Amino acid sequence: MSEKVVTLEEAIREVKNGDIVAFGGVLDSRFPMAAIYEIMRQQKKNLITLAILSLHDPAVGAGCIRGFIGCYNYLGAFGKAPCIERECNKGNLIIEDLGHNDSLLIFMAAAFGLNFVASNYTKGSDILNPKYSKIEKIRELARNKEKIPKKKYILMKDPFTENGEERVLLPAIKPDVAILHVQQVGTEGTCRIFGVEGVDQFAALAADKVIVIAEEIVPEEYLREDPNRNLIPNIHVDKIVELPWGAHPTVVSHYYDLDMEFIMNYVKEAQTEDGFQRWAEEWVYSIENHHEYVKKLGIERLMKLRAVKGLGFRPRTWLKGW
Amino acid sequence: MEYSQLEAAVIFAARELSKHDGKNLIAGIGLPVLVTKLAKELYAPNIKINIESGSFDVLIPEIPVSLFGPRISYRCSAQLSNLHSLAGTGRGDYEIGFIGGAQVDKYGNVNSTVIGNYLGKHKRIAGSGGAVDIGCFTNTIIIVAHHPKKLVEFVDYITTPGWKVKKPFSDELVDREELGLPGGPMMIVTNLCIMKFDDKTKEAYVETIYPGVKEEEIVKMTGFDVDVSRAKVGEEVTKEELETLRKIDILNIYRTR
């Protein structure tokens with residue numbers, strides 16, 4: 001087995017205070033929850049996150065994440081993200097609002113070795129209004145300040161057109177570390193993702209360090225049989241952690257379904273600061289590692305979530321059997 | 001058959017899509033997915049539903065809770081990155097964009113970022129997601145609950161540009177066309193009526209009132225001075241429409257009833 005394979009605790013030690021962290025997955029899908037919990041246990045500080053996510057909410061409540069440059073702050077169908085809302089109101093979380101494309105283009109630019117891109121995806125919107133930008137405050141949080149641009153956007157006349165139409169320049173952001181949860185990783189780091197890809201590939205190519213957490217480690221040769229199906233080449237992966245159910249309670253295509261009950265309970269508990277502390281104590285701080293977390297969830301609960309082959313999810317009308 | 005006002009909204013919105021069969025559409029989080037699925041079942045079997053999750057021409061075998069999960073990517077034409085599908089707006093892939101929003105004004109500008117003063121007292125809401133990307137380039141359908149605080153004279157923050165928008169890097173209001181933006185808001189669908197936009201003034205007026213809804217109620221529940229003089233009453237909701245809708249969302253995941 002490659003030296004890249006480590007425990008979750010070892011992998012998350014790679015994350016430094018003030019790092020720009022790109023999480024893979026989207027909202028309630030394939031989100032690296034076990035990493036979020038470990039970040040809380042290791043009490044990281046001043047992290048800055050990017051793009052489109054929301055189940056990082058507990059790490060915001062725990063005071064680990066202080067900056068967000070991206071486009072979404074709800075828990076999808078579960079409504080308000082209680083900690084994000086509370087910490088934002090208290091001034092502990094600073095949000096820079098982007099559009100969805102732009103929050104991916106900042107990765108894409110970095111992934112392809114570019115310094116900025118011209119993007120027209122926010123014209124007419126207040127997202128472009130500089131008076132609302134908080135990028136300078138987010139910059140102060142960063143360990144490596146040069147990684148966060150001084151300005152959110154720059155407007156310039158297109159030098160390639162006759163009439164000099166106005167274009168919006170969007171600077172690249174290169175994350176310090178990307179943390180992804182994928183379905184399969186090879187022993188050398190090759191990644192295979194099933195279902196929605198999110199921002200994972202751009203994030204992995206762009207980041208200085210890449211931590212991959214996977215449902216299962218499989219032989220590289222198996223993945224190499226069909227290289228077109230692999231999204232991230234092994235040369236980009238630094239640490240590998242095998243962690244079945246590591247994205248619970250989010251959905252992992254072809255492995256397990258969304259644990260709606262768990263998320264709804266979280267939302268209910270985290271409405272108050274005390275409630276959130278109780279929840280975090282029960283589900284994060286008092287639990288030594290992911291293995292204990294899975295044991296606490298229990299086999300009954302997990303069996304109800306298992307995806308059905310050929311579908312990739314568990315049809316709701318099949319639930320009765322379990 | 002008895003039905004809720006939200007069910008009426010979904011059905012009337014789906015009927016509107018019958019005029020766009022065979023076209024490409026991009027649907028945002030929430031009710032847009034339910035509406036487009038219903039439309040595909042009943043009125044527009046060849047409409048292509050695309051989602052900002054990188055999923056092209058999706059089938060939606062079961063109503064999803066997660067917009068980014070396996071119920072969306074299931075047997076879609078191609079599953080690529082979010083950017084691949086959402087940048088289709090800029091490419092001109094989609095004729096129609098379908099979004100929700102917390103606050104909509106008479107010019108069809110949508111706010112899904114903050115309620116109140118961004119630089120002062122405000123309440124943070126969902127954020128753009130793909131709403132700005134969709135609204136910049138497509139003909140949009142906006143679905144919103146009918147309430148004077150949600151249908152307003154002018155939004156607190158323009159997340160998604162409608163007809164009167166912000167000149168880049170300023171607070172100056174300009175016509176959408178001035179920025180060279182294609183598309184624009186086509187209609188606002190609420191739980192009471194459908195509003196469309198006047199060609200000249202670009203202001204929303206009531207076009208279709210759902211059966212049983214009173215004009216006075218619409219006026220009372222609208223936060224701007226709305227023109228109801230052109231309104232007609234829509235055709236009664238049919239048993240087939242209701243049954244199909246309830247079958248699609250059999251567990252009432254979207255709480256329409």
Side-chain angles (χ1 to χ4, degrees), chain A residues 25-30 52 70-74 76-77 80 84-85 88-89 95 97-102 104-105 108 120-132 153 155 165-166 168 194-202 250-251 253-254 257-258 260 307 311-313 315-317, chain B residues 29-30 52-55 61-62 64-74 79-84 86-87 89-90 109 111 113 118-119 123-133 135-137 157-162 165-171 174 176 179-181 250-251 253-254:
Chain A
V26 194
L27 303 187
D28 45 11
S29 177
R30 214 168 38 70
I52 178 162
C71 68
Y72 197 72
N73 297 295
Y74 261 26
K80 272 187 227 166
I84 292 174
E85 186 182 45
C88 185
N89 284 340
I95 297 173
D97 289 294
L98 297 181
H100 190 172
N101 276 334
D102 281 0
L104 305 186
L105 285 168
M108 188 212 75
N120 288 328
Y121 286 106
T122 52
K123 268 196 184 170
S125 163
D126 271 319
I127 291 171
L128 257 190
N129 201 332
K131 76 175 183 190
Y132 298 131
Y153 292 106
L155 202 61
E165 240 182 279
E166 277 187 326
V168 179
F194 296 67
V196 170
E197 291 177 15
V199 66
D200 292 52
Q201 189 184 51
F202 295 151
T250 71
V251 52
S253 280
H254 295 267
D257 224 317
L258 197 61
M260 294 197 270
L311 290 176
F313 55 93
R316 297 192 186 102
T317 45
Chain B
I29 292 178
E52 65 188 273
S53 53
S55 321
E62 206 177 73
V65 172
S66 170
L67 197 69
F68 298 88
R71 288 167 183 82
I72 293 289
S73 50
Y74 172 83
Q79 177 59 59
L80 305 172
S81 82
N82 294 7
L83 184 58
H84 278 89
L86 196 53
T89 60
N109 295 311
N111 174 14
T113 306
Y118 195 107
L119 299 173
K123 203 173 90 174
R124 219 164 227 289
I125 42 178
S128 164
V132 62
D133 313 83
C136 276
F137 294 96
Y157 178 100
I158 301 182
T159 309
T160 307
V165 302
K166 293 276 179 82
K167 193 173 170 187
F169 281 60
S170 79
D171 279 326
V174 293
R176 179 186 180 91
L179 302 184
L181 298 177
I250 197 160
L251 299 176
I253 300 264
Y254 282 49

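Excluded from the calculations below are hydrogen atoms, water molecules and symmetry mates; all remaining heavy atoms, backbone and side chain alike, are included. Computed from a predicted structure; not experimentally measured.
Annotation: maximal heavy-atom pairing with chain B below 4.5 Å, among A:Asp97, A:Ile84, A:Leu104, occurs at A:Asp97. With chain A as the partner, the residue from B:Val132, B:Ile158, B:Val165, B:Val174 showing the most heavy-atom pairs under 4.5 Å is B:Ile158. Ranking A:Pro130, A:Ala77, A:Gly76 against chain B, the residue ahead of the rest is A:Pro130, based on heavy-atom pairs under 4.5 Å. Between chain A and the options B:Gly180, B:Ser170, B:Ser55, the largest number of non-hydrogen pairs under 4.5 Å is found for B:Ser170. Between chain B and the options A:Gly70, A:Cys88, A:Gly312, A:Gly195, the largest number of non-hydrogen pairs under 4.5 Å is found for A:Gly195. Highest contact tally toward chain A, considering only B:Gly54, B:Ala131, B:Gly90, is held by B:Gly90 [criterion: heavy-atom pairs under 4.5 Å]. Ranked by non-hydrogen atom pairs under 4.5 Å with chain B, the options A:Gly198, A:Gly99, A:Gly124 are led by A:Gly124.
Checked options B:Asn82, B:Asp133, B:Thr89; the residue passing with A:His100 is B:Asn82 (criterion: side-chain hydrogen bond (donor to acceptor under 3.5 Å, both in side chains)). Tested against B:Ser66, the residues A:Asp28, A:Thr250, A:Val26 include a single side-chain contact (heavy atoms from CB on, under 4.5 Å) partner, A:Asp28. Here the rule is side-chain contact (heavy atoms from CB on, under 4.5 Å) with B:Ser53, and of A:Leu27, A:Val196, A:Ile52 only A:Val196 fits it.
Nearest heavy-atom pair, B:Lys123 versus A:Glu85, reported as atom, atom and distance to 0.1 Å: CG-OE2, 4.0 Å. Contact between A:Lys123 and B:Pro161 at its shortest, heavy atoms only, is O-CG, 3.4 Å. Taking all atoms of both residues into account, the shortest heavy-atom contact from A:Phe313 to B:Tyr74 is CE2-CD1, 4.0 Å. In this structure, A:Tyr121 and B:Ala87 approach most closely via the heavy-atom pair OH-O, 3.2 Å. What you find for A:Leu128 and B:Pro168 is that their closest heavy atoms are CD1-CB, 3.8 Å. Nearest heavy atom pair, residue A:Ser253 against residue B:Ser73, reads OG-OG, 4.2 Å.
At a 4.5 Å heavy-atom cutoff, the contact between B:Pro61 and chain A is made by side-chain atoms alone. A:Leu98 touches chain B through its backbone: at least one of N, CA, C or O sits under 4.5 Å from a heavy atom, while the side chain does not. When heavy atoms are compared at a cutoff of 4.5 Å, A:Tyr153 approaches chain B by way of both its backbone and its side chain. Interface remark: B:Tyr254 contributes no atoms to any contact with chain A (heavy atom separation under 4.5 Å). Contact of A:Asp200 with chain B is not made at all, since no heavy-atom distance falls under 4.5 Å. Only the side chain of B:Ile253 comes within less than 4.5 Å of a heavy atom in chain A; its backbone stays farther off. Both the backbone and the side chain of B:Leu179 come within contact range of chain A, judged by heavy atoms closer than 4.5 Å.
Counting heavy atoms from C-beta outward, A:Ile127 and B:Ser128 have side chains that approach closer than 4.5 Å. Contact of the B:Lys166 side chain with the A:Thr122 side chain is not registered, since no non-hydrogen atoms from C-beta on lie closer than 4.5 Å. The shortest side-chain heavy-atom distance between A:Val251 and B:Pro70 falls under the 4.5 Å cut-off.
Atom OG1 of B:Thr113 is separated from atom OH of A:Tyr72 by 11.5 Å, given to the nearest 0.5 angstrom. Residue B:Arg124 holds its CZ atom at 5.5 Å from CG of A:Asn73, rounded to the nearest 0.5 Å.
Between the side chain of A:Ser125 and the backbone N or O of B:Thr160 there is no donor-acceptor pair closer than 3.5 Å. Using modelled atom types, no side-chain atom of B:Ser81 and backbone atom of A:Val199 make a donor-acceptor pair closer than 3.5 Å.
With sequence neighbours excluded, no residue satisfies side-chain hydrogen bond (donor to acceptor under 3.5 Å, both in side chains) with B:Tyr157.
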Handout entry: Test side-chain contact (heavy atoms from CB on, under 4.5 Å) applied to A:Lys131 and B:Asp171, step by step
Key = CA-CA 9 Å; A:Lys131 76 175 183 190; B:Asp171 279 326; 2.5 Å; yes
Problem - Working for side-chain contact (heavy atoms from CB on, under 4.5 Å), residues B:Ile250 and A:Arg316 - result: CA-CA 10 Å; B:Ile250 197 160; A:Arg316 297 192 186 102; over 6 Å; no
Handout entry: Criterion side-chain contact (heavy atoms from CB on, under 4.5 Å) on B:Leu83 and A:Glu197, from CA distance to verdict
Key = CA-CA 10 Å; B:Leu83 184 58; A:Glu197 291 177 15; over 6 Å; no
Problem - CA sep, side-chain torsions, deciding dist, call: B:Tyr118, A:Asp126, side-chain contact (heavy atoms from CB on, under 4.5 Å) - result: CA-CA 10 Å; B:Tyr118 195 107; A:Asp126 271 319; over 6 Å; no
